[in-house]
Student: 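Here it is, the structure in full.
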Amino acid sequence: MEEREKDLGFEFEEKIYALTYWQLVWLKFKRNKMALFGGVVLLIFYFCMVILPEFFAPYYLEHIFLEHINAPPQKIRFVDSNGKFHLRPFVYKLSGGIDPNTFRRVFIEDNSTIYPIYFFVRGDSYKLFGLFQTNIHLFGTVQGGTIFLFGTDRQGRDLLSRIIYGGRISLTIGLVGVFLSMILGSTLGIISGYYGGVVDNIIQRIIEFLTAFPAIPLWMALAAALPQDWSSIKSYFAITIILSIIGWGGLARQIRGKILSLREEEYILSARIIGCNERKILFTHLLPNCLSHIIVIATLAIPGMILGETSLSFLGLGIKPPMTSWGVLLNECQNVRSVVQTPWLIIPVAFVIITVLSFNFLGDGLRDAADPYTR
Amino acid sequence: MINFIIRRILYIIPTLIGISIVSFIVINLPPGDYLTARIAQLELQGDTTSRHYLEQLRSYYGLDKPIYVQYFIWIKNFIRGDFGISFEYNKPVKDLIKERLALTVLLSVFTMFFTWIVSIPIGVYSATHQYSFFDRIFTLISFAGMATPGFLLALVLLVFVLFRFGTSLLGLFSPEYVNAPWSFGKFIDLLKHLWLPVVIIGFSGTGGLIRIMRGNLLDILGQPYIFTARAKGLKESRVVWRYAVRIAINPLVSIAGMSLPGIIGGEMLTSIVLNLPTTGPLFYRALQMQDMYLAGTFLMFLTIFLVLGNFLADLALAWLDPRIKYE
């Protein structure tokens, strides 16, 4: 028995030597449960909110329910008021009325009418991937029933649907922003680290100067200077560019550090001896070896961008309606006294935090895994 | 050492010049100038008397001259302590920002001390009791803290407290002190209200510092000299606090300088949510109203504050860590 175990261990060790770098990374990454969890959450978020929001959202973004303004979240139930158990979950009908004392619209659950929840129901029509006309949604109610799992907003729009659609902008703006700063940051970082000397000095001074600025006030000032009449797409890219203006400096510095240590490795020396030209050394030897670290640095930089967009839009300086992002949803919470009447409107906060947390876990796990040769 | 300090001070000067250029660009970014819009607006209201006054302002600030001349006029006035006029409030910028900047600096410094006082002991505990129950709890909290920006926390807390207890957390002073001149009573009142924004702003920074402190200390506790210290029979508390923490704290000092931008930014957003009488809300309003002298001056001062913070952190590090060479 003992011998067998030893054999297995030996085999395992043998196998490790035969694995490629990326297989080793995956092996090490898999062991970090939190990172795995973060990765899965993000995959789900990106799939539901960026790729197929029309399908996962119960309603279309601008679907306004005039009868249900500021309606509270409806609870999914299995047991009705008579104590009878339903296998198919259902929601009660929300009936609106006016509170005689405060003259405010209030909603009460009407126990007599139940709306069962079905999967793959037909609802608002949309174009899947902008190509196929369809009207199937993941879940919903039929026969004029409503389902507002997170309630509705001041204009009577379903909050869950708005969060799902808002995720499309909030989640991509981080990726696009990091991609932009990556291009600048890795190019300058590699040049700075590889050539050293005067070039390095100049680039480092510029970065130092950039990082001297407080990011949020500078972002606010730049975003406030954007022309008000720009189209949605134009201002979306303008915001990503503003977010990457400061970000690239930090990235360039980290990549430079990595290059500085890699530059001294034997294989670079041998490449130089056999007469490789500079460009070949940089792009076929140094860059691929930095790639995993660049990915790690990028992953850890995304949450900052997402939070940047959220804070700018929250202040009304970033993404503006009719475009919807999580920050735009939170912008409607600026008036705290009115939010107290409709506390479900701050639910988007939870989505922001879960996303950022997942990115942090994922990035931490990737950082450990990117160096699979150390234990 | 003195050489090092002088070189470090000389080094600040080009940075400051660069900062002033960027701030000036920000002031001039919005298309058109404020005065023209203001004059048109006043004339629409039938007010012709202030036109003359505004034209005077235009020539005083050189707004009719080329942009680089404007810059030199602006920077010359800035050094003299004349930061221009807030067109929105029709007051010199200087009078508007003094108290608010002081409160921002106070709040930031307090927040920084708060994050240190909380995170060092927790970091030390987590490192010396690695994988214990409380270490896991603290790890969880610090991750949550890192993912929760202050202004979102402030928003949720504000709504929760108002919803649950019906009281508002807004502001830094009790109503009777808001417009009162500074007195001892007002100062005490300020301290009473200050803890909440300090905790809210410091929450995310604390999370990060706990992680760093824990990681550093774990590295150092594995070093041979700690082994030697234990082998000599030193008390564990002495080994940890005098031998290990002493060294593990050094990176935190250099991080202190780097963490200032985050604190300033967090302070700004949180103040806007909590409506604190600091730079945040006024800067935000100035940006919305395109009151650019006011906004530019804030940006300039906040950045100068950061540069000074970094400078002090460098000095502290050089003084704390004898291994740092001044060359």
Side-chain angles (χ1 to χ4, degrees), chain A residues 34 38 205-206 208-228 246 250 303-304 306-308 310-312 314-317 326-327 330 333-334 336-350 352-361 364, chain B residues 11 14-16 18-19 22-23 26-31 143-144 146-149 151-153 155-156 158-160 162-163 166 168-170 211 258 260-269 272-275 279-280 283-284 286-288 290 292 295-296 298-299 302-307 310:
Chain A
M34 292 308 262
R205 289 297 85 76
I206 294 173
E208 238 162 64
F209 172 66
L210 269 180
T211 41
F213 275 99
I216 285 170
L218 189 62
W219 283 344
M220 283 167 65
L222 292 173
L226 292 181
Q228 298 287 323
I246 299 183
I306 291 179
L307 287 179
T310 307
S311 14
L312 285 182
F314 168 73
L315 295 175
L317 298 171
W326 292 340
L330 290 175
C333 298
Q334 263 205 349
V336 172
R337 297 214 174 264
S338 69
V339 174
V340 171
Q341 309 296 334
T342 54
W344 54 89
L345 286 183
I346 53 172
I347 291 176
V349 171
V352 175
I353 292 175
I354 290 171
T355 306
V356 172
L357 205 58
S358 303
F359 266 116
N360 284 346
F361 284 144
D364 262 17
Chain B
Y11 198 68
T15 316
L16 286 182
I19 288 166
V22 173
S23 300
V26 168
I27 291 176
N28 284 287
L29 263 186
F143 266 117
M146 281 159 71
T148 314
F151 78 101
L152 290 185
L153 185 65
L155 190 69
V156 173
L158 209 59
V159 171
F160 177 75
L162 203 59
F163 188 69
S168 154
L169 298 171
L170 298 173
R211 301 300 305 156
M258 280 188 276
L260 262 182
I263 291 181
I264 291 274
E267 190 270 339
M268 188 155 259
L269 294 170
I272 294 171
V273 173
L274 292 178
N275 197 14
T279 49
F283 180 67
Y284 177 42
L287 286 177
Q288 282 179 321
Q290 312 253 321
M292 293 328 270
F298 269 135
L299 195 59
L302 290 179
T303 318
I304 292 175
F305 175 53
L306 288 189
V307 171
N310 263 325

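Predicted model only: the values in this text are computed from it and were never measured.
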Student: With only heavy atoms counted, which part of B:Phe143 is less than 4.5 Å from chain A, the side chain, the backbone, both or neither?
Tutor: both

Student: Who among B:Gly262, B:Pro149, B:Gly296 has the most heavy-atom pairs with chain A under 4.5 Å?
Tutor: B:Pro149

Student: To the nearest 0.5 Å, how far apart are CG in B:Leu269 and CZ in A:Phe314?
Tutor: 8.0 Å

Student: Select one option (side chain, backbone, both, neither) describing which atoms of A:Leu226 are under 4.5 Å from chain B's heavy atoms.
Tutor: neither

Student: About how many Å separate CG of A:Leu315 and CE of B:Met268, when rounded to the nearest 0.5 Å?
Tutor: 10.0 Å

Student: Please report the shortest heavy-atom distance between B:Ile264 and A:Pro214, naming the atom on each side.
Tutor: CG2-CB, 4.2 Å

Student: Counting only non-hydrogen atoms closer than 4.5 Å, does A:Pro303 touch chain B with its backbone (N, CA, C, O), its side chain (CB onward), both, or neither?
Tutor: neither

Student: Given heavy-atom pairs under 4.5 angstrom as the criterion, report whether the side chain, backbone, both or neither of B:Leu287 touches chain A.
Tutor: both

Student: Most heavy-atom pairs under 4.5 angstrom with chain B, which of A:Leu330, A:Leu307, A:Leu222, A:Thr355?
Tutor: A:Leu307

Student: What part of A:Leu357 gets closer than 4.5 Å to chain B, counting heavy atoms only: side chain, backbone, both or neither?
Tutor: both

Student: Taking atom CG of B:Leu153 and atom CD1 of A:Ile353, what is their separation to the nearest 0.5 Å?
Tutor: 7.5 Å

Student: Could you look at B:Tyr284 and say if it's the side chain, the backbone, both or neither that has a heavy atom under 4.5 Å from chain A?
Tutor: both

Student: Non-hydrogen atoms of chain B under 4.5 Å away: do they reach the side chain of A:Phe361, the backbone, both or neither?
Tutor: side chain

Student: Looking only at heavy atoms and a cut-off of under 4.5 Å, which of B:Leu302, B:Val307, B:Thr303, B:Leu152 has the most pairs with chain A?
Tutor: B:Thr303

Student: Going from OG1 on B:Thr15 to CZ on A:Arg205, what distance comes out if it is rounded to the nearest 0.5 angstrom?
Tutor: 9.0 Å

Student: Atom CG in B:Leu158, atom SG in A:Cys333: separation rounded to 0.5 Å?
Tutor: 11.0 Å

